[in-house]
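To keep things clear, I will list the structure first and then write my remarks on it.
Naming convention: chains lettered A, B, ... in sequence-line order (proteins, then strands); numbering from 1 in each chain. Heavy atoms only: backbone and side chains are in, while hydrogens, waters and symmetry mates are out.
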2 protein chains.
Amino acid sequence: MNGKATTIRTRLERGRSALGPALELVHTGRAPTRAVLTAELGVTRATAGAVAAELEALGLIQVDSRPGAAAGSQGRPSHRLAVNDSGPVVLAAQIHADGYRAALVGLGGRTVATAPGRKTVSADPAQVLGAVVDAGAQLLRDSGRRCVGAGLAVPSAVAEPEGTALNPLHLAWPAGSPVRDIFAEQVREAGIAGPAFAGNDVNLAALAEHRHGAGRGAQHLLCVATGHRGVGGALVVDGRLHTGSSGLALEVGHLTVNPDGRPCYCGGRGCLDVETDPLAFLTAAGLAPGPETSLLQQSRELLRGQYGDPAVRAACEELIDRLGLGLAGLVNILNPDRIVLGGLHRELLDADPERLRAVVADRSLWGRSGGVPILPCTLDHNSLVGAAELAWQPVLDDPLAALAASQGPA
Amino acid sequence: MNGKATTIRTRLERGRSALGPALELVHTGRAPTRAVLTAELGVTRATAGAVAAELEALGLIQVDSRPGAAAGSQGRPSHRLAVNDSGPVVLAAQIHADGYRAALVGLGGRTVATAPGRKTVSADPAQVLGAVVDAGAQLLRDSGRRCVGAGLAVPSAVAEPEGTALNPLHLAWPAGSPVRDIFAEQVREAGIAGPAFAGNDVNLAALAEHRHGAGRGAQHLLCVATGHRGVGGALVVDGRLHTGSSGLALEVGHLTVNPDGRPCYCGGRGCLDVETDPLAFLTAAGLAPGPETSLLQQSRELLRGQYGDPAVRAACEELIDRLGLGLAGLVNILNPDRIVLGGLHRELLDADPERLRAVVADRSLWGRSGGVPILPCTLDHNSLVGAAELAWQPVLDDPLAALAASQGPA
DNA sequence: TGAGTTTGTGCCGCACCTAAACAAACTACG
DNA sequence: CGTAGTTTGTTTAGGTGCGGCACAAACTCA
């Protein structure tokens, strides 16, 4: 219905329409100078200069006019553009099986302040979210920075537009908890300005990797990752998360990757979810798995420290073959131009990159003619950075409106 | 790189930026009057009026100013907007296993003229494409209409941006044939104005169904269809085909839908491709399959005429279960808000819609909470109409530029 | 017949962008 | 060391699409 209206709204709404795209270019590091900005935006130097000046006036970017700031080859040296290191921030929060984490993140994905990870766990979402928001509020008070929004990463599918967590399996939360609204309420009560958002942690990790990590420049980025249990996926298309019609896309855990495999709770058997997660790895290696919240760490140490052990190596190769089959299936369906792996899958890739790439190429239909690059993720706390991206999005879409909205009502 | 430049180009390039969106609304029947156009575009009545006047001056739409043309409830009756029935057309061509087909298609997906289907088949793409273009050129001469582009549907994955047919299995063509360029060359030689495009037939059928058929209004439309052999898929997101990074997305044929199934040439076993196509159906029903180009017809007659036969019914239910499993897998990955089925899958749906919907709901993760609507396709020759959509796209994107381009060089 | 409602159009002005000329800051080279 | 060449940044003027507004038109309803 309003799909087309959205298309032309960039033109129709007043205010510099190039402001958002320009900020996004600086934010993602693709516009180091005004000259590059001019070329990337496809506008005249006059316009790019005006846009940069306005972004600087808004306190979002810095223009380094010192001579010699940028060493060009010839001609007048360009001034360096960068995000404002003392500009506004967003509150990023992450809930995981072990506890929670809060941070302040500036433009450019720069983590400004981090609260020490806490291990408080509770069956009441409001309690946990209240605690993480409190930690964030403390960071904000300490830093004195202006806040323009808040983002939350949870280990669960998040339905849109309701903002409910459908399967917070590793938390003891009830399925369908309205985490977005609870989080927004806690943010509001803490006196933190700006809108609040929530998303799946793997989705947000993918967004972060696309903008600041191993996924930079990819047009169709596929991310697959494990936590301690299960497998998550995400797709970033042209810089935006592809979350499907109701936020539930990329539930990749139940692709069949082993026809002879073990039964899965979904009703099938040999699903990616139960065949390639840390528990599967430890089982395949003949190890006794420890407590659930240490499965990933246990697997990681095994892979890095005892890869020489034949049992470990065999388990690794078995999981790589399964994972490769799953990735090949996703390649056939999604045709990404890059794949980034996280969690245990990242470890498997590091252990034997050639084997994984070979399996994917062999089992994907068009893999022989090129092959998709498969890379490990590169960001620390990428879900946290991705949660921040979620909160930054309104500012990137329309800086004037977003800043006014987070300032006006305050 | 230029992803963002594209975003703001709507604003930066001169000329009425609302022209394209407005034409698309009329084209897809979503703007029957200027008042609706005003609302859908989100502009003022003045602007919508000016846009409509310009589109009329370009000969693309008609404004029916006769009193009583539109019966409103109250107030001044609005004038009816419609595509110009005598306006420009595009040449649509389709190659299938049996032969080829050509047609002229106007805005609104209206087929203006059709050449009788020919059964000429050749191992030389240039020969077949030359024949279909000749048929189209004859139609153009007979009709005297202006042509603004040409689109081609082929039963093969089409790599982008090369425009090559990677697996024209049911034609005897060499893999990797540059069908787009051959087609464009033939179109040019025939003196037909405008650019030429080529795409996979299922993709184009999905595009047609989205704009003029069972997929209208869907935001994330998944189409799955069979020809005589194999299974194809397509996804339309926000009105645009999702073809992945190189045109090869939605190769859904090799999802595993039967762990105990027969081996597939892809290296797996129990693939959707070999478990749910007409050959699989006839085999399951215990029938002796006839010649390859009649498998679909044979299956269709069996399902419609002899559904009472226990063997037919059992085969139907078996295929429905397999198809449902495949669709559930796609639902988990793509999260569409509508599914449209074609070919044999459409017949299976018609035969027992409840069973298919139940299987999909049961085997998709979030199916219990709602369920995705599954509908049969509704357009005749939807691949042909979709090929026309491909050719219309530049006009919908920028009417002024597209019309000038197809006129100027002529 | 007049009030109310919805649709279509003419006019004005704003805001954003392009174009073009100019100024600034460097490199290259004789 | 100075001048030509190159690239970047800024200023000014001008064009243009679109919003806002007022008004006209064409119907329904009482």
In whole angstrom, give the distance that lies between atom [atom1] of [X] and atom [atom2] of [N].
| X | N | atom1 | atom2 | value |
| --- | --- | --- | --- | --- |
| B/His79 | D/dC27 | NE2 | C1' | 11 Å |
| B/Glu54 | D/dT16 | CD | P | 13 Å |
| A/Leu41 | D/dT8 | CG | P | 15 Å |
| A/Glu40 | D/dT8 | CD | P | 13 Å |

Taking side chain to side chain contact (heavy atoms under 4.5 Å, CB included) as the definition, give me every residue that meets it alongside [X], ordered by chain and number, with sequence neighbours left out.
| X | result |
| --- | --- |
| B/Arg110 | B/Val83, B/Asp85 |
| B/Ala113 | B/Leu104, B/Leu139 |
| A/Arg146 | A/Pro88, A/Val148, A/Leu403, A/Ser406, A/Gln407 |

**Asked** Can you list the residues that meet the ring pair (Phe, Tyr, Trp, His ring centres under 6.0 Å) rule with A/His212, with sequence neighbours excluded?
**Response** A/His27
**Prompt:** Counting side-chain heavy atoms from CB outward, which of D/dG20, D/dT8, C/dT18 is closest to B/Thr44?
**Reply:** D/dG20
**Request:** For the side chain of A/Arg45, starting at C-beta, report the closest nucleotide among D/dT8, D/dT11, C/dT9.
**Result:**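 Looking only at heavy atoms from C-beta outward on A/Arg45, the closest nucleotide is D/dT8.
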**Request:** Using only side-chain N and O atoms of B/Thr38, determine if any of them is under 4.0 Å from OP1 or OP2 of C/dT7.
**Result:**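 Checking B/Thr38 against C/dT7: no side-chain N or O falls below 4.0 Å of OP1 or OP2.
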**Request:** Report yes if a side-chain nitrogen or oxygen of B/Ser17 is closer than 4.0 Å to either non-bridging phosphate oxygen (OP1 or OP2) of D/dC18; otherwise report no.
**Result:**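 Yes, because at least one side-chain N or O of B/Ser17 sits under 4.0 Å from OP1 or OP2 of D/dC18.
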**Asked** Does the pair B/Arg34 and B/Glu56 meet the rule for a salt bridge (charged side-chain N to carboxylate O under 4.0 Å, His left out), with working shown?
**Response** CA-CA 12 Å; B/Arg34 254 183 289 224; B/Glu56 191 179 21; 6.0 Å; no
Below 3.5 Å between N/O atoms, which protein atoms pair up with nucleotides 1-7 of chain D? Just atom names and distances, please.
unit_1, atom_1, unit_2, atom_2, d
D/dT7, O2, A/Arg76, N, 2.8

**Request:** Would you please name every residue forming a salt bridge (charged side-chain N to carboxylate O under 4.0 Å, His left out) with B/Arg76, sequence neighbours left out?
**Result:** none
